[in-house]
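The first residue in the sequence is number 1, and the count goes up from there.
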Amino acid sequence: MGEPRFPTLEPGQLDQHQTEIANKIAGGPRGGLRGPYLALIYHPDLADVVQQVGEHLRFKSKLPAPLIELAILIVARHWTCQFEWIAHERVARTKTDLPDELIRAIQNGDIPPSMDDDQKVVHDFVVRTIKHGEPTNRVYDAVVERFGRQGVLDLIATCGYYTMIALLLNTTQVPLPDDAAAPLREMI
């Protein structure tokens, strides 16, 4: 990974609107301006809208947190988004009960060998949606049965939102946190 294409702006370099949005993001559940927001702050109106969608999906979704993190990890793996993987693997390990075996399988691009019914349905929905643009009827119906139509919409939005974040992070080349090594191998 090269130098960031959007160098980090120091507080003194932000205009009034950027400062207002940076403070709003930092004052919310994220607790700081980092990751994709280091680039997005160059466009504060977009940063504000993006952070609102992300806040809903991470913290107000109809789906349980472990399943949201599972979906995010699948998206990060699909796009080989190193930053997104690092950030959400940490969340998955510290704030959910997702098993190591499941996380490692996704990291390696494999189908996890054992998943509970909810994990399997979310896994199949996300994989099918990001690879083919929509789930099969069987997978869609299973998500509706377990999580309702609001759950379906949260999953679709999670796929789209974290795809956008992955593309943003990969394109802007935001440095990996704590000088971490890239955890994902390139997929063929």
| What do the steps show when you test V127 against H78 for side-chain contact (heavy atoms from CB on, under 4.5 Å), and what is the final call? | CA-CA 8 Å; V127 168; H78 176 78; over 6 Å; no

| field | Pair H123-R128, side-chain contact (heavy atoms from CB on, under 4.5 Å): steps then yes or no | value | CA-CA 8 Å; H123 175 274; R128 179 74 193 184; over 6 Å; no

| message | Assess the residue pair K24 and Q51 against the criterion (side-chain contact (heavy atoms from CB on, under 4.5 Å)); give the C-alpha distance rounded to whole Å, side-chain angles, the decisive distance to 0.1 Å, and a yes or no. | response | CA-CA 9 Å; K24 182 177 179 181; Q51 73 87 19; 3.7 Å; yes

| task | Starting from the C-alpha separation in whole Å, work towards a yes-or-no answer on side-chain contact (heavy atoms from CB on, under 4.5 Å) for V174 and R34. | result | CA-CA 9 Å; V174 171; R34 58 183 159 267; over 6 Å; no

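A salt bridge links R104 with E89: the closest approach of a Lys/Arg side-chain nitrogen to an acidic carboxylate oxygen falls below 4.0 angstrom.
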List, one per line, each side-chain donor-acceptor pair under 3.5 Å for residues 153-168, sequence neighbours excluded.
{"unit_1": "D154", "atom_1": "OD1", "unit_2": "H56", "atom_2": "NE2", "d": "3.1"}
{"unit_1": "D154", "atom_1": "OD2", "unit_2": "S61", "atom_2": "OG", "d": "3.0"}
{"unit_1": "D154", "atom_1": "OD2", "unit_2": "K62", "atom_2": "N", "d": "2.7"}
{"unit_1": "T158", "atom_1": "OG1", "unit_2": "D154", "atom_2": "O", "d": "2.7"}
{"unit_1": "Y161", "atom_1": "OH", "unit_2": "Y37", "atom_2": "OH", "d": "2.9"}
{"unit_1": "Y161", "atom_1": "OH", "unit_2": "V50", "atom_2": "O", "d": "3.4"}
{"unit_1": "T163", "atom_1": "OG1", "unit_2": "W79", "atom_2": "NE1", "d": "3.1"}
{"unit_1": "T163", "atom_1": "OG1", "unit_2": "C159", "atom_2": "O", "d": "2.8"}

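Residue Q150 qualifies as open at atom CD: its count of foreign heavy atoms under 6.0 Å is 12 or below.
Hydrophobic clustering of Ile, Leu, Val, Met, Phe, Trp and Tyr side chains at less than 4.5 Å, counting indirect connections, keeps I68 apart from V91. V49 and I25 fall into different hydrophobic clusters, where Ile, Leu, Val, Met, Phe, Trp and Tyr are joined by side-chain heavy atoms under 4.5 Å apart, directly or via other members. Under a hydrophobic clustering in which Ile, Leu, Val, Met, Phe, Trp and Tyr are joined whenever their side-chain heavy atoms come within less than 4.5 Å, directly or via other members, L102 and I111 fall into the same cluster. Residues Y42 and L40 share a hydrophobic cluster, clusters being chains of Ile/Leu/Val/Met/Phe/Trp/Tyr side chains in contact below 4.5 Å.
Distance check: Q52 CD to L57 CG gives 12.0 Å after rounding to the nearest 0.5 Å.
Between L70 and I106, some side-chain heavy-atom pair lies under the 4.5 Å cut-off. Proximity of R58 to R30: side-chain heavy atoms (C-beta onward) are nowhere separated by under 4.5 Å. K95 has its side chain out of reach of R90: every pair of non-hydrogen atoms, C-beta onward, lies at least 4.5 Å apart.
One N or O on the side chain of D15 and one on the backbone of H17 form a donor-acceptor pair closer than 3.5 Å. In this structure, the side chain of E134 does not engage the main chain of T129 through any donor-acceptor pair within 3.5 Å. A donor-acceptor contact shorter than 3.5 Å is absent between the side chain of R5 and the backbone of Q173. Checking side-chain atoms of E69 against main-chain N and O of P66 turns up no donor-acceptor pair under 3.5 Å. A side-chain donor-acceptor contact under 3.5 Å links D116 to the backbone of D118. Distance alone, capped at 3.5 Å, is enough to place a donor-acceptor pair between the N23 side chain and the T19 backbone. Here the side chain of E84 pairs no donor or acceptor atom with the backbone of L169 at under 3.5 angstrom. Using a distance-only test at 3.5 Å, with no hydrogens or angles considered, no donor-acceptor pair links the side chain of R149 to the main chain of V144. Distance alone, capped at 3.5 Å, is enough to place a donor-acceptor pair between the Q107 side chain and the P183 backbone.
Scanning both residues, A180 and I86, for their nearest heavy atoms gives CB-CD1, 3.7 Å.
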